[in-house]
Amino acid sequence: MSKVSILMGSDSDLPVMGKAAKMLEEFGIGYEMKVISAHREPDVFVDYAKSAEERGIEVIIAGAGGAAHLPGMCAALFNLPVIGVPIHTKALGGVDSLYSIVQMPSGIPVATVAIDGAANAALLAAKMLSISDKELREKLAVYKEELKNQVVAKDTKLGGIGYEEYLKQM
């Protein structure tokens, strides 16, 4: 059963938003993924966002570039958490997307991650879902420990071979 919806306004966002899917798969969290446009198909979008909760969706991750209305419109129509992923743009480097998502009006919050931060959006969604799922909370603890072990291994390697050799191996 899908608990998370991953939305993007264009298939050009898929390389970024695919990172959210991959992270959710790592934790065994069901998701659905759609290309949907709040601007180009508003009737389809409104129906989708309004019916998401009925379909079992508990969190929406919405990626958008430029004007980036998709996350905010989801938050306006969906009563559960929405996480916005600002997508990097050629014109303004994604800062336009970031500002559009993070500057939501009072009463319509959207959690916002870094530009192209879809993997972190999935982790945030997993943490939200883990509030009522102890098994998922344990998986997140293991993941966090793995991150720590990766840093320890890198430090050990650096200490063993020195920075010049380390840089050659990067």
Side-chain angles (χ1 to χ4, degrees), residues 1-36 48-49 51-65 68 70-72 74-75 78-88 93-94 97-98 101-102 104 108-170:
M1 181 175 164
S2 298
K3 291 188 171 199
V4 177
S5 177
I6 301 171
L7 303 178
M8 62 203 96
S10 170
D11 63 349
S12 64
D13 301 336
L14 189 55
V16 171
M17 298 308 288
K19 294 174 185 175
K22 185 173 181 156
M23 187 62 69
L24 292 173
E25 289 168 1
E26 189 172 321
F27 287 100
I29 298 169
Y31 66 90
E32 58 188 34
M33 181 181 274
K34 291 189 71 63
V35 174
I36 193 164
Y48 179 85
S51 67
E53 188 174 355
E54 294 169 17
R55 291 190 321 278
I57 300 299
E58 296 180 38
V59 180
I60 292 176
I61 299 172
L70 190 61
C74 285
F78 181 68
N79 290 323
L80 294 170
V82 175
I83 303 167
V85 179
I87 302 292
H88 183 275
S97 314
L98 174 65
I101 297 170
V102 79
M104 291 300 299
I108 312 294
V110 174
T112 310
V113 295
I115 296 168
D116 289 349
N120 269 354
L123 283 167
L124 183 55
K127 287 183 174 194
M128 290 172 176
L129 295 170
S130 78
I131 291 169
S132 60
D133 184 336
K134 186 176 180 184
E135 184 180 328
L136 181 54
R137 223 173 14 256
E138 290 169 3
K139 288 179 184 179
L140 284 162
V142 168
Y143 176 80
K144 195 171 186 181
E145 189 66 24
E146 288 170 358
L147 291 177
K148 175 186 167 190
N149 292 338
Q150 289 171 13
V151 173
V152 170
K154 289 174 184 180
D155 181 54
T156 301
K157 179 180 175 181
L158 176 61
I161 64 175
Y163 82 92
E164 290 175 333
E165 185 60 31
Y166 195 103
L167 286 172
K168 290 178 189 174
Q169 295 180 15
M170 289 182 79

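Both backbone and side-chain heavy atoms feed into the values below; hydrogens, waters and symmetry mates do not. Small disclaimer: the values here were computed from a predicted structure and weren't measured.
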Within the structure provided, determine whether [X] and [Y] are in side-chain contact (heavy-atom separation under 4.5 Å).
X	Y	result
Val85	Val16	yes
Lys127	Leu123	no
Thr112	Ile83	no
Phe78	Ile57	yes
Met23	Tyr143	yes

Indicate the atoms forming the closest heavy-atom contact of Val110 with Gly72, along with that distance. CG2-CA, 4.0 Å
Nearest heavy atoms of Cys74 and Leu7, plus distance in Å: SG-CD1, 3.6 Å
From CA spacing to verdict: side-chain contact (heavy atoms from CB on, under 4.5 Å), Leu14, Met33: CA-CA 10 Å; Leu14 189 55; Met33 181 181 274; 3.6 Å; yes
Side chains of [Y] and [X]: any donor to acceptor distance under 3.5 Å?
X	Y	value
Gln150	Glu146	no
Tyr31	Glu25	yes
Glu32	Tyr48	yes

Against Val59, only a single residue in Leu129, Leu24, Leu80 fulfils side-chain contact (heavy atoms from CB on, under 4.5 Å); can you say which? Leu129
Would Val4 and Glu58 satisfy side-chain contact (heavy atoms from CB on, under 4.5 Å), going step by step from the backbone distance to the final call? CA-CA 6 Å; Val4 177; Glu58 296 180 38; over 6 Å; no
Output yes when Glu26 and Lys139 qualify as a salt bridge under the 4.0 Å nitrogen-oxygen rule, no when they do not. no
Does Glu135 have more than 12 heavy atoms from other residues, nucleotides or ligands lying within 6.0 Å of its CD? no
NZ (Lys157) with more than 12 external heavy atoms under 6.0 Å: yes
Is it true that a side-chain atom of Ser5 and a backbone atom of Ile60 form a donor plus acceptor pair closer than 3.5 Å? no
